[in-house]
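Quick notes on the structure that follows.
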Amino acid sequence: MRLQVFRAMLLALLGWAAMLPASAQQVPLQDKPFAEHKIVLQLSDGDAKKQALVLSVANNLLKAYDPDKVAIEVVAFGPGIDLLLAGSERRKQVESLIAQGVRFDICLNTVDTLERETGKRPEFIPGATPVQVGVGQILFLAENGYTVVRP
C-alpha cells in the first residue's frame, strides 16, 4: 500500500515538474488597459506575400483604431519566423510596428529546430518576443479574449 501511495505521489510530482517550465515561460499579456480590440495575427507561412499581408493588416489596424485602443500581437512559428530573422528584408517595417506597440512573438521551438538542422542558432530581431510554443501562445491569447486572424 505504501509503495502505491509513493508511486502516485512521485507521478504527481513529476507531472507537476513537467508543467512548470511551460508555465514559467508563458509570456504575459500586453499592458494595454484601454484596448477595446485585441487581435492575434498568426504567421506560419514563409511566403513573402503572406508576410507582407500580415504587416499590412497590422498597419491598417493601427490606422483604423487609436493605437491605445487596439492590442495587436503577431505570432510567428514554422516558416513564418523568417519575417523575424535578423536578415529579413522587412526588418525596418517590423521594427516600426514594434515601436508603435505591435508585439511580434517568435517560436523558440522553431528556432531550436533550425539550430539542430543547421548547427547554427538563427539570430532574430531584438525587438521580437521569444515564446517557447508559438501555437501555445496563440491559444493563450485566444483564451484571454484575443481574436485569431490568419491573413
Side-chain angles (χ1 to χ4, degrees), residues 12-151:
L13 181 62
L14 287 173
W16 177 77
M19 292 185 323
L20 187 60
S23 63
Q25 295 174 1
Q26 184 67 58
V27 176
L29 296 172
Q30 291 186 52
D31 185 23
K32 292 221 170 179
F34 301 109
E36 296 171 359
H37 307 283
K38 299 184 281 187
I39 298 97
V40 56
L41 300 172
Q42 175 184 326
L43 180 59
S44 55
D45 199 313
D47 180 58
K49 289 181 181 179
K50 294 255 177 119
Q51 292 177 358
L53 182 58
V54 166
L55 296 175
S56 177
V57 168
N59 194 44
N60 289 338
L61 286 167
L62 287 173
K63 287 179 184 175
Y65 301 100
D66 180 335
D68 289 334
K69 303 276 183 183
V70 64
I72 305 167
E73 194 153 336
V74 177
V75 179
F77 62 94
I81 74 162
D82 290 351
L83 178 68
L84 302 179
L85 297 181
S88 170
E89 62 186 39
R90 292 188 167 82
R91 180 177 179 158
K92 289 196 184 303
Q93 289 173 283
V94 171
E95 290 173 337
S96 172
L97 287 167
I98 290 171
Q100 296 176 70
V102 176
R103 185 155 82 182
F104 285 81
D105 299 334
I106 186 166
C107 176
L108 291 180
N109 282 347
T110 303
V111 172
D112 293 343
T113 299
L114 288 174
E115 182 178 20
R116 276 192 310 276
E117 291 174 352
T118 65
K120 183 180 178 195
R121 189 158 187 88
E123 292 183 39
F124 50 89
I125 297 170
T129 303
V131 298
Q132 191 60 48
V133 181
V135 175
Q137 181 69 7
I138 291 171
L139 182 59
F140 173 71
L141 293 168
E143 290 170 346
N144 283 280
Y146 278 69
T147 301
V148 179
V149 178
R150 187 173 191 271

Discussion item. So, using salt bridge (Lys or Arg N to Asp or Glu O under 4.0 Å) as the criterion, who are the partners of Lys32 when residues are at least two apart?
Written reply: none

Discussion item. Side chain to side chain contact (heavy atoms under 4.5 Å, CB included) for Phe104 and Val94? Distances and angles first, verdict last.
Written reply: CA-CA 8 Å; Phe104 285 81; Val94 171; 3.9 Å; yes

Discussion item. Looking at every non-hydrogen atom in both residues, tell me the closest pair between Ala35 and Ala71 and how far apart they are.
Written reply: CB-N, 3.9 Å

Item to complete: Over all heavy atoms of both residues, which pair between Val70 and Leu62 is shortest? Give the atoms and the distance, please.
Response: CG1-CD2, 4.3 Å

Worksheet item: Is the number of heavy atoms from other residues, nucleotides or ligands under 6.0 Å of Glu115 CD greater than 12?
Response: yes

Item to complete: Report yes if the side chains of Val74 and Leu97 come closer than 4.5 Å at any heavy-atom pair, otherwise no.
Response: no

Worksheet item: Can you name the salt bridge (Lys or Arg N to Asp or Glu O under 4.0 Å) partners of Glu95, sequence neighbours left out?
Response: Arg91

Item to complete: To the nearest 0.5 angstrom, please state how far the CD atom of Gln30 sits from the OH atom of Tyr146.
Response: 4.5 Å

Response to the item:
Closest non-hydrogen atoms of Ala128 and Ile98, given as atom of the first, atom of the second and distance, are N-CD1, 4.2 Å

Worksheet item: So, Asn59 side chain and Leu55 main chain: donor-acceptor pair closer than 3.5 Å or not?
Response: no

Practice prompt. For Asp112, check salt bridge (Lys or Arg N to Asp or Glu O under 4.0 Å) against everything at least two apart and list the hits.
Written response: Arg121

Practice prompt. Mind running side chain to side chain contact (heavy atoms under 4.5 Å, CB included) on Ile138 and Phe77 for me, showing each step along the way?
Written response: CA-CA 10 Å; Ile138 291 171; Phe77 62 94; 3.8 Å; yes

Practice prompt. Dump the intermediate steps for side chain to side chain contact (heavy atoms under 4.5 Å, CB included) on Val57 and Leu61, then the final yes or no.
Written response: CA-CA 6 Å; Val57 168; Leu61 286 167; 4.0 Å; yes

Worksheet item: In Å, rounded to the nearest 0.5 Å, how long is the span from CG of Leu84 to CD1 of Ile125?
Response: 5.5 Å

Worksheet item: If you take all heavy atoms of Arg90 and Ala52, which pair is closest and at what distance?
Response: NH2-CB, 3.5 Å

Discussion item. Looking at every heavy atom in both Pro151 and Gln42, which two are closest together, and how far apart are they?
Written reply: CD-O, 4.0 Å

Worksheet item: With a 4.5 Å limit on heavy-atom distance, are the side chains of Phe140 and Leu29 in contact?
Response: yes

Discussion item. Donor-acceptor check, side chain of Lys38 to backbone of Asn144, threshold 3.5 angstrom: yes or no?
Written reply: yes

Item to complete: Taking the side chain as every heavy atom from C-beta outward, state whether Gln93 and Ser88 have any pair of such atoms under 4.5 Å apart.
Response: no

Discussion item. Using every non-hydrogen atom in the two residues, find where Cys107 and Gly134 come nearest and quote the distance to one decimal.
Written reply: SG-N, 3.4 Å

Discussion item. Would Leu41 and Val102 count as a side chain to side chain contact (heavy atoms under 4.5 Å, CB included) here? Give the steps.
Written reply: CA-CA 10 Å; Leu41 300 172; Val102 176; over 6 Å; no

Worksheet item: At what distance, to the nearest 0.5 angstrom, does CG of Asp45 lie from CG of Leu43?
Response: 7.0 Å

Practice prompt. Report the residues that fulfil salt bridge (Lys or Arg N to Asp or Glu O under 4.0 Å) with Arg103, sequence neighbours left out, ordered by chain and then residue number.
Written response: Glu73, Asp105

Worksheet item: Say you draw a straight line from CD1 of Ile106 to CG of Leu83; how long is it, rounded to the nearest 0.5 Å?
Response: 9.0 Å

Item to complete: Would you mind telling me which of Val54, Ile39, Val40 makes a side chain to side chain contact (heavy atoms under 4.5 Å, CB included) with Val149?
Response: Ile39

Worksheet item: With sequence neighbours left out, what residues match Glu117 under side chain to side chain contact (heavy atoms under 4.5 Å, CB included)?
Response: Thr113, Leu114

Worksheet item: Residues in side chain to side chain donor-acceptor pair (under 3.5 Å) with Asn109, at least two apart?
Response: Gln132

